[in-house]
Participant: 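Next up is a structure, given as structure tokens.
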Amino acid sequence: MTTQPTASHFVNGAYHENAGGSAIPVIYPATGEEIARVHSATDAVVDAALAAARAAQPAWAAMTGTERGRILRRAADIMRERNHELSVLETFDTGKPYQETSVADATSAADALEYFGGMAATLTGEHIQLGHDWVYTRREPLGVCVGIGAWNYPTQIACWKAAPALACGNTMVFKPSETTPLCALKVAEILTEAGLPAGVFNVVQGLGDVGAKLIADDRVAKVSLTGSVPTGRKVYAAAASGIKNVTMELGGKSPLIIFDDANVENAVSGAILGNFYSSGQVCSNGTRVFVQGGIKEAFLDRLSVRLEAAVIGDPQDPKTSFGPMVSERQMEIALGYIAKGQEEGARLVCGGKRLNRNGFYLQPTVFADVADTMTIAREEIFGPVMAVLDFDDEAEVVPRANATEFGLAAGVFTRDLTRAHRIAAAFEAGTCYINTYNDAPVEAPFGGSKLSGVGRENSKAAIEHYSQLKSVYVRMGDLEAPF
Ligand code: NDP
């Protein structure tokens with residue numbers, strides 16, 4: 001195995017162990033074997049991390065943006081140099097194939113550090129002239145931010161939150177998902193090696209109770225969660241009682257509409273990327289695939305052929321293109337939905353079974369003839385299960401696509417230019433795609449509407465969510481008063 005983190009937590013610039021908390025076994029999804037063990041943070045560890053973040057914040061904010069940015073960009077360079085090692089670790093943590101992790105995880109994290117590192121020096125307020133008087137605004141950090149991550153992109157999530165937060169002069173305590181605790185520790189290690197002052201980025205392990213303790217603490221000004229809607233409700237409510245800022249990156253059940261005039265191969269590629277990448281464990285997946293009547297058979301035929309070309313196997317083998325699910329529990333959830341799909345009358349086109357090998361492998365699964373009311377068309381599965389629904393025309397399909405409580409992403413495949421933009425405008429979703437699916441470059445805002453979230457990650461928009469404006473009124477002459 002690759003170089004592993006050397007302790008459970010990273011606090012005040014160094015690895016930190018405290019075996020007093022309950023043990024969290026780290027299971028390699030490809031074998032089901034325990035490969036490491038960390039300990040949940042005790043109250044003392046939580047307090048030490050928050051105290052370190054609080055103490056470090058004023059000096060970190062007092063540095064110039066250029067100085068802060070240089071450290072983040074140096075960390076990006078180190079991540080890229082160690083991409084292989086970090087990708088191997090990401091694969092051990094999540095089970096995602098190395099073919100994916102080597103291009104989508106540490107690299108995406110490095111992009112965020114580079115982008116926000118570059119932006120740090122450009123963050124300014126503005127000058128507002130009022131006759132002889134004037135107002136100026138200062139863009140100030142919020143203070144101590146808490147990041148709480150899901151298990152599907154542990155390196156990326158840590159950096160998508162830390163990079164804008166740190167660029168703005170905040171400090172952070174990050175709690176990874178208990179399912180994938182290792183990668184965020186390496187992020188902390190690399191940031192420290194790049195020159196980040198002690199206490200600016202801390203990692204503590206634990207389950208939801210540790211996350212809840214972090215959010216409830218008076219020293220915390222903001223919480224950014226990537227997780228499910230039920231967890232989002234709890235975290236949002238807890239933050240609300242302290243009037244804390246939030247970013248919520250939550251779940252989805254996104255539509256992908258394929259019109260008769262679409263290029264079939266591109267549409268199939270979009271459906272594969274939007275359903276089977278990371279074994280379907282991607283929040284923005286387009287799992288409700290609406291296919292127009294004229295292209296349906298061609299689409300399903302090509303999809304079946306191309307799914308047979310998936311290389312399922314050892315995720316550390318660079319040839320493997322489809323790996324296990326993250327955990328036995330997640331696989332059981334997906335199997336439960338597959339059973340529901342069959343019970344409710346959807347037609348199983350391919351897959352549907354657990355593979356006969358160690359680890360948590362589920363076949364890429366496609367259901368056709370899915371009705372809008374079926375459970376597999378309404379609930380987020382977070383596994384490799386695609387639901388194909390029929391439609392006749394645009395007027396019918398757009399309201400159906402929007403008829404969901406979620407609003408994370410949506411996509412359309414068509415060669416009709418005006419229709420593509422009309423539909424993108426009509427989609428009730430934060431992140432929309434035309435003739436592509438699931439791109440998430442750091443330059444573009446990413447996030448959801450409706451139950452899928454609040455706020456945006458990535459891009460200039462993220463700065464708004466990690467800073468606050470102070471207005472300073474300046475009077476140049478004498479001041480009159482009524483008495
Ligand atoms: P969960 O909502 O189960 O957990 C998310 C994180 O919140 C975990 O670290 C979890 O800890 C923690 N947590 C749980 N309860 C609380 C609480 N009461 N207070 C504070 N923290 C808490 O999500 P999963 O990890 O299962 O991830 C899958 C979900 O994440 C899916 O719904 C998916 O759509 C969504 N997601 C959204 C993305 C987006 O950008 N919109 C991207 C990726 C995933 P622990 O699990 O250790 O107990």
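FYI, side chains are in, hydrogens and waters are out, and symmetry mates aren't considered; it's all heavy atoms of this structure. First listed ligand is number 1; within each ligand, the first listed atom is number 1.
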Participant: What do the steps show when you test Val442 against Phe116 for side-chain contact (heavy atoms from CB on, under 4.5 Å), and what is the final call?
Facilitator: CA-CA 9 Å; Val442 68; Phe116 288 106; 4.0 Å; yes
Participant: Look at Arg54 together with Asp217 and state whether they make a salt bridge at an N to O cut-off of under 4.0 Å.
Facilitator: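 Asp217 and Arg54: not salt-bridged.
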Participant: Can you list every protein residue that has a heavy atom under 4.0 Å from any atom of ligand 1, sorted by chain and residue number?
Facilitator: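 Correct list: Ile148, Gly149, Ala150, Trp151, Asn152, Lys175, Pro176, Ser177, Glu178, Gly206, Leu207, Gly208, Gly211, Ala212, Ile215, Leu225, Thr226, Gly227, Ser228, Thr231, Lys234, Val235, Glu249, Leu250, Gly251, Cys283, Glu380, Phe382, Leu408, Phe446.
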Participant: Who passes ring-ring contact (aromatic ring centres under 6.0 Å, His included) against Trp151, sequence neighbours left out?
Facilitator: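 ring-ring contact (aromatic ring centres under 6.0 Å, His included) list for Trp151, sorted by chain: Phe382.
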Participant: Is the CZ atom of Arg233 crowded by more than 12 outside heavy atoms at less than 6.0 Å?
Facilitator: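 Open: at most 12 neighbouring heavy atoms sit under 6.0 Å from CZ of Arg233.
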Participant: Do Phe446 and Trp160 have ring centroids that are under 6.0 Å from one another?
Facilitator: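 Between Phe446 and Trp160, which both carry aromatic rings, the centre distance is below 6.0 Å.
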Participant: Count the heavy atoms of every other residue, nucleotide or ligand shown that sit under 6.0 Å from OH of Tyr15, and state whether that count exceeds 12.
Facilitator: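 Yes - once you tally the heavy atoms of other residues, nucleotides and ligands closer than 6.0 Å, there are more than 12.
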